Trainee: 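Have a look at this one before I ask anything.
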Amino acid sequence: MARKILNALTWLILACMILFAAVLLVPRLMGLQMYAVLTGSMQPAIPAGALVYTEQVQAGQLKQGDVITFRQGSGAVVTHRIVSIDEEGNITTKGDANNVEDQATITAAQVIGRVKFHLPVLGALCEWFKTRTGILTVTGVLIVLILSVFLPEIFSHNGRSAGRKKD
């Protein structure tokens with residue numbers, strides 16, 4: 001009975017890991033880039049901790065109201081909504097939850113892409129996986145999965161072999 005529960009738990013964890021990997025890999029194969037939203041500046045449209053999937057677009061395709069991901073002059077990556085685009089192509093942005101527009105305008109060269117969709121919580125989870133605790137946890141889960149698959153089999157063969165020698 002315990003072995004059946006262990007097998008079911010192993011398959012459940014493995015299925016969750018495969019699903020998580022698919023959620024991260026399939027969009028990349030479709031040309032989308034992923035970024036974690038670390039702050040609440042885009043709430044309620046995009047909550048803090050979400051993972052945004054960004055598609056590359058030409059500057060001429062951008063319009064007021066689009067949510068874009070861009071690189072600030074400092075190098076920080078930000079996801080905000082376009083408030084306006086002037087004649088020279090300079091873009092003014094603002095987080096939905098912010099009271100004022102972003103101070104610096106951005107150029108088309110700074111735009112990484114337009115947000116196609118987002119998934120709540122996954123950004124925070126991806127960021128956690130990059131930490132020491134996250135890496136150790138994933139490693140531990142993988143070790144437990146491997147052991148749960150092979151150890152019962154090893155012990156059951158050893159028990160049968162020893163029993164046969166006594167006969």
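Computed from a predicted structure; not experimentally measured.
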Trainee: For the hydrophobic clusters of this structure (ILVMFWY residues joined by side-chain heavy atoms under 4.5 Å, transitively), does one cluster hold both Phe20 and Tyr53?
Mentor: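 Result: yes, single cluster for both.
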Trainee: So which residues get pulled into Ile135's cluster when ILVMFWY side chains under 4.5 Å apart are joined, directly or through others?
Mentor: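 Hydrophobic cluster check, Ile135: no partners found.
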Trainee: What distance do Phe129 atom CZ and Thr131 atom OG1 have between them, rounded to the nearest 0.5 Å?
Mentor: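 So the CZ of Phe129 and the OG1 of Thr131 are separated by 9.0 Å.
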Trainee: Enter the distance from Ile91:CD1 to Ile85:CD1 here, rounded to the nearest 0.5 Å.
Mentor: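 That separation rounds to 5.0 Å.
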Trainee: Taking side-chain contact (heavy atoms from CB on, under 4.5 Å) as the test, write out the residues that go with Glu101, two or more places apart.
Mentor: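 Per chain and number, Glu101 pairs via side-chain contact (heavy atoms from CB on, under 4.5 Å) with Val83, Thr92, Lys94.
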Trainee: Any side-chain to backbone donor/acceptor pair from Arg114 onto Gln61? Under 3.5 Å, distance only.
Mentor: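 Yes, because the side chain of Arg114 sits within donor-acceptor range (under 3.5 Å) of the backbone of Gln61.
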Trainee: Just how far is it from atom CD of Gln110 to atom CG of Asn90, taken to the nearest 0.5 Å?
Mentor: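 It comes to 9.0 Å.
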Trainee: Does Phe117 share a hydrophobic cluster with Leu24, counting links as ILVMFWY side-chain heavy atoms below 4.5 Å and allowing steps through other members?
Mentor: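 As far as the 4.5 Å side-chain criterion goes, Leu24 and Phe117 are connected within one cluster.
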Trainee: Could you check if a side-chain atom of Val141 sits within less than 4.5 angstrom of a side-chain atom of Met17, using non-hydrogen atoms only?
Mentor: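 Yes; the side chains approach each other to less than 4.5 Å.
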Trainee: How far apart are the closest heavy atoms of Gly40 and Ala97, and which atoms are they?
Mentor: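 Minimum heavy-atom separation between Gly40 and Ala97: O-CB, 3.4 Å.
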Trainee: Are Leu32 and Val57 connected into the same hydrophobic cluster when the rule is that any two of I, L, V, M, F, W, Y join if their side-chain heavy atoms are below 4.5 Å apart?
Mentor: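 Not linked; separate clusters.
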Trainee: OG1 of Thr137 to CG of Leu142: how many Å apart, nearest 0.5 Å?
Mentor: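 Spacing of OG1 (Thr137) from CG (Leu142) equals 11.0 Å.
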Trainee: Consider side chain to side chain contact (heavy atoms under 4.5 Å, CB included). Of Asn98, Thr79, Asp102, which one does Thr93 pass it with?
Mentor: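 One option only clears the test, and that one is Asp102.
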Trainee: Tell me whether Val138 is reachable from Val121 by hopping between hydrophobic residues (I, L, V, M, F, W, Y) whose side-chain heavy atoms are closer than 4.5 Å.
Mentor: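 No: no chain of side-chain contacts under 4.5 Å links Val121 to Val138.
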Trainee: Please list, chain by chain and in numerical order, all residues satisfying ring-ring contact (aromatic ring centres under 6.0 Å, His included) with Phe70, sequence neighbours excluded.
Mentor: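 Listed in chain order: nothing, the list is empty.
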Trainee: Which atom pair, heavy atoms only, marks the closest approach of His118 to Ala45?
Mentor: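 Minimum heavy-atom separation between His118 and Ala45: CE1-O, 3.1 Å.
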Trainee: Could you list who else is in Ile46's hydrophobic cluster, with ILVMFWY side chains joined at under 4.5 Å, directly or through other members?
Mentor: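 Tyr35, Val37, Met42, Val52, Val67, Val77, Ile112, Val115, listed by chain and number.
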Trainee: As an exercise, state the distance from CE of Met30 to CD of Glu55, rounded to the nearest 0.5 Å.
Mentor: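 Separation between the atoms: 9.5 Å.
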Trainee: Starting at CG of Leu119, measure out to CG of Leu51 and round the result to the nearest 0.5 Å.
Mentor: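 These two atoms lie 6.5 Å from each other.
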Trainee: Cluster partners of Leu29, using ILVMFWY side-chain heavy atoms under 4.5 angstrom, listed by chain and number?
Mentor: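 None; Leu29 is a cluster of one.
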Trainee: Do you reckon Met34 sits in the same ILVMFWY cluster as Leu25, going by side-chain contacts under 4.5 Å, direct or chained?
Mentor: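 No, Met34 does not connect to Leu25 through the hydrophobic network.
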Trainee: Would you call Arg81-Asp96 a salt bridge at under 4.0 Å N-O?
Mentor: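 Salt bridge present between Arg81 and Asp96.
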Trainee: Can you list everything that forms a side chain to side chain donor-acceptor pair (under 3.5 Å) with Gln72? Sequence neighbours excluded, please.
Mentor: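 If we apply the side chain to side chain donor-acceptor pair (under 3.5 Å) test to Gln72, skipping adjacent residues, there are no hits.
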